[in-house]
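Quick notes on the structure that follows.
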Amino acid sequence: MIKAINNIFKTKDWQLLQRFGRYFVPHKKWFFFSIASIPITTVAGILFLWLVENIIDNYIVPGNFEGLKVQILLLAAVLLLNLLFDGFYSYSFSKSGGLAIVDIRKELFAKSLRFPLSYFDKKPIGVTLSRLTSDMESISESFAAGILGLLADSIKTMALVGYLFYLNWQLTLVLLLVVPLIILVMRFLRKKIRVAYNNSRSSLAKSAAYLQEALNGMKTVQLYAAEEEALQKYDALNKQYCDAQNNSNVYDSALYSIVEGITSVATALVIWYGAIQIWSDGFTMGVLIVFITTLERLFIPVKQFAQQMSTIQRALSALEHISELFEQEVEAPKEANTQTIPEPLPLQEIVFDNVSFRYSEDTPDVLKNVSFTLKKGDRLALVGTTGSGKSTIIKLLAKTYTGYRGSIKINGIELTDLPLAQVRETISVMQQDIFMFNNTIEFNISLGREAITHEAVEQAASFVFANHFINKLPGGYQFVVQDNGDNLSKGQAQLISFARAICSNNELIILDEATSAVDSVTEQYIQQAIANIFSLKTVIAVAHRLSTIKNSDLILVLEEGEIIERGNHLELIKQGGKYAQLVHQFEEEKTS
Ligand SMILES: Nc1ncnc2c1ncn2[C@@H]1O[C@H](COP(=O)(O)OP(=O)(O)OP(=O)(O)O)[C@@H](O)[C@H]1O
């Protein structure tokens, strides 16, 4: 049986089990209760068999009915004991398993909160979601039942085989003739089952990821009448999952049926050999009946073993998926204790010196020898055609991506030497796509940070002219924003994001200006808000508004990752180059 268990688990599996086994340590009390029940139920099982043989050979066959009642009562008591401890065993193991899963879930979510932003750029959210939900579910449902079931069944089976040897070793050997066959079958099917389960789980993750994406983009899908394409794609992914699931069901059923067949052969062998022995007075009827009873019991674990193997394989492939998340590198931890959060840098100067960057080894540079200097209080505008590298400059400065060539220094310190937490404490990034939490306006400005009081939220909102619309909302700052800002206008969401950044009190504000048009009143508020931010902070703006660009001290014009022009508005207009052309285009668009 131990060899059979080894056949099920590969070295990698043992490593997985060891890795996750440590989560049981804090709940060892329940784990030990359950382990402690195993010897009791094992002894009760053997005692039951001994009583059966004793009743048949010493009471029923000789016709000695005196004392039979006591024997039957004893038999019932042993059965009851067995049942009680079996129940206790399952309960205490599920309890320790359940508690361990809660810990894994918590640790994994805490870890995913520290995944680098670049991780979410690359992985569909649905995949991470399915790791945290369905994979975890699979472990909690099957791991407990599978692993400990296998352990208990193995111990019980070995004890039963030992008892059968004691009763009659020849008949036991006849019975064990089928064991190599079972091991062979399991060896053959083990890998196939594993592959089939992995396929099934990864196709489930893919279809969940697509579902998530389609639901997030439902408005776009409906507005562009792309429902049919979306349905077809989901249908194809769903079919892939169904095929993978069917495939693994085939192996499951094959394994179960083969083991069932082998069990029947073993039963026939025992009856045949037992009958010969009884005729030649080799042993008693009691022994044969015990063998037949035990055979059923012996093979129940083997049959369940097949099912448990499936269950364990399912749990193992879920563990493998979850391991990927555990192995994912995280950003430097921020200490929970606020006193240990690094102080923001008193910003003096940012220097980009010959910075080049590509997103991966096999793609071309998207930034080429970019150099510029920004002093405290400066306003820098990045302009250029789409894909020219403006956002990439920002992503490098915010340490969303590392691995640049050249040098980026803040106050003379290389960016790679600065702790991420300190960079994030120094810089506020206002993104184009503003995420709104399903919470109050106040929460969406303060983001629940304790240090930010209600007064600070109101002050920040007034500073960026967001108070005008907030005061008109029912409930004002307590108005609940729905579904990622669906009950706010784009302009209002931008003003909230300005207030959010101002609240952070960071010296450097990075503004990735939204391109979406807003009504003229809100546009005025936005322009005034940006002017206010410009008057107070050091700003780098990926600028789309002429007013923002004109008010900047330095404008960098980018094309295909290179700075092709630099200067202030008047200087660049005078040059009559690309910038002048862009402004001209911009003004034409405005008047047309
Ligand atoms: N996460 C990413 N992985 C791979 N390539 C990327 C990634 N993000 C951007 N790029 C590529 O880098 C180049 C520069 O993109 P970037 O987003 O910096 O341009 P941009 O000037 O900000 O454009 P836009 O004004 O349209 O936002 C583009 O060719 C883009 O395809």
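Counting starts at 1 for both ligands and their atoms, following the listed order.
Heavy atoms only, all atoms of each residue included: Val423 and Leu418 are closest at CG2-CB, 3.9 Å. Across every non-hydrogen atom of Ala501 and Met430, the tightest pair is CB-CG, 3.6 Å. Residues Ala381 and Ser552 approach most closely at CB-OG, 3.3 Å, considering heavy atoms.
By the 4.0 Å heavy-atom criterion, Gly384 is excluded from the residues contacting ligand 1.
Classification of the Tyr359-Tyr401 ring pair by plane angle, with boundaries at 30° and 60°, yields perpendicular. Ring geometry for Tyr234 against Tyr210 counts as parallel: the plane angle stays under 30°, on a 0 to 90° scale with 60° as the upper cut.
With a 4.0 Å heavy-atom cut-off, ligand 1 is reached by the backbone of Thr392 and by its side chain too.
For ligand 1, the atoms sitting less than 4.0 Å from at least one non-hydrogen atom of Ser391 are 17 (O), 18 (O), 20 (P), 22 (O), 27 (O), numbered in the order shown with element in parentheses. Here is the list of ligand 1 atoms found below 4.0 Å of a heavy atom in Tyr401: 1 (N). Each of the following atoms of ligand 1 lies closer than 4.0 Å to a heavy atom of Lys395: 8 (N).
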Checklist entry - Passes ring-ring contact (aromatic ring centres under 6.0 Å, His included), Phe463 versus Phe465? Steps please. => result CA-CA 6 Å; Phe463 188 75; Phe465 301 93; 8.1 Å; no
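Inclusion of Gly389 in the set of residues having an N or O under 3.5 Å from an N or O of ligand 1 is warranted.
Of the listed residues (Gly561, Gly387, Ser360, Pro364), the one carrying the non-hydrogen atom nearest atom 29 (O) of ligand 1 is Gly387.
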